[in-house]
Amino acid sequence: MTGRSKMIRIGLAGLGLSLLAACGASSQWGQEAGRVVDNGSFGNATMNNTQIQNGDRRYVIDLGERFAEEVPTMVTFAFNSAQLDNGARATLREQANWIRQFPEVRFRVYGHTDLVGSPAYNKRLGMARAQAVVSYLAAQGISRERLEAVVSYGETQPLIVTSERERRNRRTVTEVSGFVGSHPTVLDGKYAEVIYREYVRSAEPASGLTGITGAELSTDS
């Protein structure tokens, strides 16, 4: 065998081994059926249900996201004022209607101002706005034990960065803050029931049955 023939045979053998390795990498022999089809998300529904049952899910975050999706969480104020106008009161009534559905849940109201004025004054004004919202929600029948107005960001978290007057910065934001520790549902750890109770109720169809009136039961001819 010439040296050239030997080199060609060695080269062909190396190419064959490379092709064999490539085929082995992509082959499903010896692997679970459907492994290539399953991209890893096939069991997510079961995993999600398991996490709900064992408490691994962050229920407060889930409920807070739902609150933010279903009702407006922010009201705004006139310059240098903590008075609620008609629009703010309408928004807070929507919030109160939602909050009533979840007697196990607590809420916190954050007060904000625009950048006009001193930081100390704006912090007091932001707190006054948060307290005004809490008072109005309490007037709608929400227990004050479930409402907090203890944090004011003052002028430190503007939505619109400007040193001028800006109504969108003069606002309060209502957020889910936790669960009422003394509530029996919370003591039982039934957080999933808290979050999904209203979803279940909303899926119940209204009954179309009609009853028999008292006049129809009469035996008089």
Side-chain angles (χ1 to χ4, degrees), residues 44-77 82-112 126-153 157 159 167-211:
N44 280 356
T46 300
M47 179 184 68
N48 184 64
N49 290 337
T50 301
Q51 289 177 336
I52 289 174
Q53 295 298 325
N54 65 21
D56 289 342
R57 291 293 302 274
R58 297 175 298 173
Y59 297 111
V60 171
I61 294 177
D62 292 343
L63 197 57
E65 290 176 350
R66 179 179 168 186
F67 178 64
E69 290 172 358
E70 296 183 0
V71 296
T73 60
M74 184 178 76
V75 299
T76 59
F77 295 80
Q83 298 296 316
L84 300 170
D85 59 19
N86 290 335
R89 287 191 287 270
T91 295
L92 293 177
R93 285 193 293 271
E94 289 187 56
Q95 291 185 14
N97 289 337
W98 198 96
I99 291 172
R100 287 193 200 96
Q101 301 175 53
F102 300 93
E104 309 92 341
V105 181
R106 300 171 66 224
F107 293 79
R108 181 172 294 149
V109 180
Y110 298 89
H112 301 261
M127 179 61 71
R129 288 169 174 166
Q131 290 171 339
V133 168
V134 166
S135 295
Y136 192 84
L137 292 174
Q140 301 301 304
I142 309 300
S143 170
R144 282 186 176 268
E145 294 181 357
R146 300 173 55 207
L147 302 170
E148 296 178 278
V150 297
V151 175
S152 169
Y153 287 119
Q157 293 189 4
L159 288 179
R167 186 176 183 98
R168 284 170 291 182
N169 291 338
R170 303 191 299 264
R171 70 197 189 280
T172 62
V173 179
T174 306
E175 296 182 359
V176 173
S177 63
F179 291 94
V180 178
S182 61
H183 196 281
T185 302
V186 176
L187 291 176
D188 288 341
K190 299 179 180 178
Y191 298 108
E193 292 184 13
V194 174
I195 295 176
Y196 296 106
R197 179 179 57 230
E198 296 305 315
Y199 281 145
V200 172
R201 289 180 180 174
S202 66
E204 294 177 355
S207 174
L209 298 176
T210 58

Chemist: Kindly compute the distance separating OG1 (Thr91) from CD (Glu94), expressed to the nearest 0.5 Å.
Modeler: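 Atom-to-atom, Thr91:OG1 and Glu94:CD are 6.0 Å apart.
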
Chemist: Could you go through the side chain to side chain contact (heavy atoms under 4.5 Å, CB included) check for Leu92 and Arg89 one step at a time?
Modeler: CA-CA 5 Å; Leu92 293 177; Arg89 287 191 287 270; 5.6 Å; no

Chemist: Run the side chain to side chain contact (heavy atoms under 4.5 Å, CB included) test against Glu148 and tell me which residues pass, sequence neighbours left out.
Modeler: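 Checked Glu148 against side chain to side chain contact (heavy atoms under 4.5 Å, CB included); matches are Arg106, Arg108, Val150, Ser177.
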
Chemist: Give the minimum heavy-atom separation between Ala130 and Gly111, together with the two atoms involved.
Modeler: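 Between these two residues, the closest heavy atoms are CB-N, 3.9 Å.
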
Chemist: Can you tell me how far the CZ atom of Arg129 sits from the CZ atom of Arg170, to the nearest 0.5 Å?
Modeler: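 It is 6.5 Å, given to the nearest 0.5 Å.
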
Chemist: Would you check if the distance from the ring center of Phe107 to the ring center of Phe67 is below 6.0 Å?
Modeler: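 Yes, the ring of Phe107 comes within the 6.0 Å limit of the ring of Phe67, centre to centre.
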
Chemist: Rounded at 0.5 Å granularity, tell me how far CD1 in Ile99 sits from OG in Ser143.
Modeler: 11.0 Å

Chemist: Strictly distance-based, threshold 3.5 Å: is any side-chain N or O of Arg146 a donor or acceptor partner for the main-chain N or O of Val105?
Modeler: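 Yes, the answer is positive, given that a donor and an acceptor are paired below the 3.5 Å cut-off.
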
Chemist: Can you tell me how far the CZ atom of Arg100 sits from the CD atom of Gln140, to the nearest 0.5 Å?
Modeler: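 Separation between the atoms: 6.0 Å.
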
Chemist: Quick one: do Thr73 and Glu175 satisfy side chain to side chain contact (heavy atoms under 4.5 Å, CB included)? Show the steps, please.
Modeler: CA-CA 7 Å; Thr73 60; Glu175 296 182 359; over 6 Å; no

Chemist: Taking atom CZ of Arg168 as the centre, report whether more than 12 heavy atoms of other residues, nucleotides or ligands fall under 6.0 Å from it.
Modeler: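 No, CZ of Arg168 has 12 or fewer neighbouring heavy atoms, counting only those of other groups under 6.0 Å.
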
Chemist: For the atom pair OG1 (Thr172) and CD (Gln95), what is the distance rounded to the nearest 0.5 Å?
Modeler: 7.0 Å

Chemist: Give a yes-or-no answer on whether the side chains of Arg167 and Thr76 include a donor-acceptor pair shorter than 3.5 Å.
Modeler: yes

Chemist: Would you kindly say whether Arg171 and Tyr110 are connected by a side-chain donor-acceptor distance under 3.5 Å?
Modeler: no

Chemist: With Ala88, which residues qualify under side chain to side chain contact (heavy atoms under 4.5 Å, CB included), at least two apart?
Modeler: Val75, Leu84, Asp85

